[in-house]
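The sequence lines fix the lettering, A, B, ..., with proteins before strands; numbering per chain opens at 1.
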Amino acid sequence: MFALVDVNNMYVSCERVFRPALNGKPVVVLSNNDGACIARSNEAKDLGVRMAQPWFEVRHLERSAGLIALSANFELYGDMSSRMMTLAAEYAPRQEVYSIDECFLDFDGVPGDLIGIGRDLRRKVLQWTGLPTSVGIAATKTLAKLANHVAKTADRKPGTYPREFAQVCDLSRLSAGQLEQIMQSTEVGAVWGVGRKTSARLNEGGIRNVLDLVRADVSALRKQFSVVLEKTLLELRGTGCMEVDDAPAGNQQIMCSRSFGQPITDLAVMTQAVSDFASRVTEKLRAQRSVARSVHVFFNTSAYRKHDRQHAPAITTPLARPTADTRFVIAAAVRAVEALFRPEFNYVKAGVMLTDLQPEGREQGELDLFDAEPEPPPNGTDRPGLMTAIDALNQRFGRDAVTLASATRPHQRSTHASRQERRSPRYTTRLAEVARAKA
DNA sequence: TCTGGGGTCCTAGGACCC
DNA sequence: TCTGGGGTCCTAGGACCC
């Protein structure tokens, strides 16, 4: 038996913990460049704000409806997430942290009343962190996802599902008839793994709700779609095809990319921006104790700027040997920029991706005859100790406490910085920004 | 004026092998 | 005129997730 625990409107809920005045108000959290809405309170959803909707399209609601917009504060959300995950983990032998705001629990071998456990978990997370969650329980992960959807929707929109399913919903305790009733009143697009394209195609074939899907022919579906949808169908029928993965391997690729506050047409500025991204992404690489063998650099113009000529170059550069040394990654990234950059275009976004990752510590065995090829190392060799020291200092004294001389000084970053005009304090991770209590 | 930033998995097709 | 068949590996692109 599985549970899916999911924070309601995660980013908005994190903000509300520290600013209770936001409760009951329409609130959105904006993406990195203050460009689009990436989280919405229920009240904002009721105003019609869509997921990923551009901010300028809904900005008028600030005046007309009291909509409040905040810049994303990922440092805060990440910290709140780990608190929530720690609490949730106590309730089951195995936990899979699936995203920043949700985790699967595997109740295998846990006796007793799972609804009671779910309610207790919910109460504790709310009391200890201030975050409201929904809990879905069922025999497979896909069904647990569905149960979570029911728990959330029953709470938010009375009348869609029976009120008793709100907040914590256990599909395994329902009769076949009750389950069919729920499946029938749920659109197929709400199923985990069925996205926009697939639901459109399913609808064309007459499959509109979850019950239609459950009753469809497996082999026909597999032929017309894929093994992915076949697995989804089996899971909806109660046949488990997925396990809880409580020790996921590190990522297979790591990326850092951003939109710019203003388009970049200057090689030096682009070089600075890409160097910064290279530095950040290599930090992430070290944090998961991996090394990379290739660096992928890309940048692009904006398809929304219809009068601009479009350009989206990208190049993957193999590194002479697997490394997590920022200096080598920056060197490769800078050469890529110099090879690709064309000043006649308005670039609005760039990124650096590290690929062909492997666990650190096996690098030596990878050398071969041709690796003598000179990767231009600023000081000759990898200096893992140097990088570890930099990471430790930044961890302790704050990001950018120590950077390479080639990196942008924080005061220069405005040349390519994202807009972030509405960010809240990082209450839980920066001593200078903790909440103040008024006398 | 202004349109997110990450990730995963699967499939199809080409290069290459014997 | 007729131009193998089976396998692997790699890459690009698409669909999905949050």
Side-chain angles (χ1 to χ4, degrees), chain A residues 4-11 28-40 49-60 62 69 71-74 77-78 81 96-104 141-142 145 148-149 152 188-202 222-232 241-242 245 248-263 277 280-281 284 288 294 296 298 300-308 312 314-316 318 346 348-357 418-422:
Chain A
L4 180 76
V5 183
D6 184 314
V7 179
N8 303 339
N9 312 328
M10 168 79 174
Y11 299 165
V28 294
V29 170
L30 302 178
S31 61
N32 246 314
N33 208 24
D34 285 352
C37 306
I38 53 172
R40 306 156 295 156
V49 180
R50 286 173 287 111
M51 186 60 181
Q53 188 166 18
W55 169 233
F56 71 87
E57 285 181 13
V58 293
R59 186 167 201 158
H60 63 276
E62 263 186 311
S71 298
N73 186 346
F74 292 111
Y77 312 150
S81 171
E96 174 183 344
V97 174
Y98 178 69
S99 74
I100 191 166
D101 74 327
E102 60 189 287
C103 65
F104 286 101
K141 286 170 94 172
T142 305
K145 272 279 201 182
N148 189 277
H149 169 81
K152 207 166 265 180
V188 75
V191 172
W192 188 39
V194 179
R196 234 190 36 224
K197 302 261 181 181
T198 305
S199 21
R201 283 177 63 198
L202 286 170
R222 174 180 180 152
K223 232 170 258 169
Q224 205 190 337
F225 293 87
S226 69
V227 298
V228 183
L229 194 60
E230 180 189 23
K231 267 168 65 173
T232 299
C241 304
M242 293 183 252
D245 181 5
N251 294 334
Q252 297 178 25
Q253 55 182 48
I254 296 183
M255 179 156 63
C256 178
S257 77
R258 292 275 182 286
S259 300
F260 306 122
Q262 326 154 16
F277 301 159
R280 290 265 184 268
V281 80
K284 287 195 212 172
Q288 76 164 44
S294 316
H296 181 81
F298 65 92
N300 56 261
T301 51
S302 169
Y304 296 107
R305 297 169 68 106
K306 292 215 161 38
H307 302 298
D308 282 9
I315 191 169
T316 304
N346 288 317
V348 299
K349 178 179 179 175
V352 177
M353 183 159 63
L354 297 177
T355 57
D356 295 328
L357 308 189
S418 293
R419 275 186 309 278
Q420 249 203 326
E421 292 161 2
R422 305 148 174 266

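Comparing P54(A) and R222(A) along DNA chain B, the residue whose closest nucleotide (by nearest heavy atom) sits nearer the 5' end is P54(A). Nearest-nucleotide assignment on DNA chain B puts the 5′-proximal partner with Y11(A), out of Y11(A) and G250(A).
Counting any heavy atom pair closer than 4.0 Å across all strands shown, V348(A) reaches no nucleic acid atom. Here I100(A) lies out of heavy-atom contact (under 4.0 Å) with every strand. Note on C256(A): only backbone sugar-phosphate atoms sit closer than 4.0 angstrom, heavy atoms only; bases stay farther off. Contact annotation for V191(A): backbone-only contact, meaning every heavy-atom pair under 4.0 Å involves sugar-phosphate atoms and none involves a base.
Phosphate contact (OP1/OP2 of dT3(B), side-chain N/O of S259(A), threshold under 4.0 Å): absent. Contact check, S226(A) against dA15(C): no side-chain N or O comes under 4.0 Å of OP1 or OP2. The phosphate of dG6(B) (OP1 or OP2) has a side-chain N or O of S257(A) nearer than 4.0 angstrom. An OP1 or OP2 oxygen of dT1(B) is reached within less than 4.0 angstrom by no side-chain nitrogen or oxygen of R305(A). Close to dG6(B), at under 4.0 Å from its OP1 or OP2, lies a side-chain N or O of K284(A). Look at R258(A) and you'll find a side-chain N or O under 4.0 angstrom from OP1 or OP2 of dG6(B). Of the side-chain N and O atoms in K145(A), none sit less than 4.0 angstrom from OP1 or OP2 of dC17(C). Side-chain nitrogen and oxygen atoms of N251(A) include none within less than 4.0 Å of the OP1 or OP2 phosphate oxygen of dG6(B).
Rounded to whole Å, atom P of dT3(B) lies 15 Å from atom CD1 of I38(A). Between the CD atom of Q252(A) and the C1' atom of dG7(B) there is a distance of 10 Å, rounded to whole Å. Rounded to an integer number of Å, the gap from R59(A) CZ to dT1(B) C1' is 10 Å. The CG-P distance, from D308(A) to dC2(B), rounds to 9 Å in whole Å. Taking atom CD of residue Q53(A) and atom P of nucleotide dG4(B), one finds them 12 Å apart after rounding to whole Å. Distance F56(A) CZ to dT3(B) C1': 6 Å, rounded to the nearest Å. Distance NE2 (H296(A)) to C1' (dA12(C)): 11 Å, rounded to an integer number of Å. If you measure from atom CE of M242(A) to atom C1' of dC9(B), you get 12 Å, rounded to the nearest angstrom.
Of the listed nucleotides (dG6(B), dG5(B), dC17(C)), dC17(C) has the atom at the smallest distance from the side chain of Y98(A). Nearest nucleotide to the T198(A) side chain, out of dG4(B), dG6(B), dA15(C): dA15(C). Comparing atom distances between the V228(A) side chain and each of dC18(C), dC10(B), dC16(C) picks out dC10(B) as nearest. Distances from the side chain of A52(A) to the nucleotides dG4(B), dC17(C), dC10(B) place dG4(B) closest.
Side-chain contact annotation: T301(A) with N346(A), donor-acceptor N/O pair under 3.5 Å absent.
Partner S71(A) forms a side chain to side chain donor-acceptor pair (under 3.5 Å) with one of N33(A), D34(A), N32(A) and no other, that one being D34(A).
With T316(A) contributing its side chain and H296(A) its backbone, the two residues share no donor-acceptor pair below 3.5 Å. A distance-only check finds no donor-acceptor pair linking the side chain of E102(A) to the backbone of D6(A) [under 3.5 Å].
L357(A) approaches Q252(A) most closely through the heavy-atom pair CG-O, 3.4 Å.
A distance of about 25 Å separates the P atoms of dC18(C) and dT3(B), rounded to the whole Å.
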Start with the C-alpha distance between E62(A) and R422(A), add both sets of side-chain angles, then the distance that settles salt bridge (charged side-chain N to carboxylate O under 4.0 Å, His left out), and finish with yes or no. CA-CA 13 Å; E62(A) 263 186 311; R422(A) 305 148 174 266; 3.3 Å; yes
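Comment: E230(A) does not engage K223(A) in a salt bridge, judged by the lack of any side-chain N to carboxylate O separation of less than 4.0 angstrom.
Here dC18(B) sits opposite dG5(C) as a Watson-Crick or G-U wobble pair (both hydrogen-bonding atom distances under 3.5 Å).
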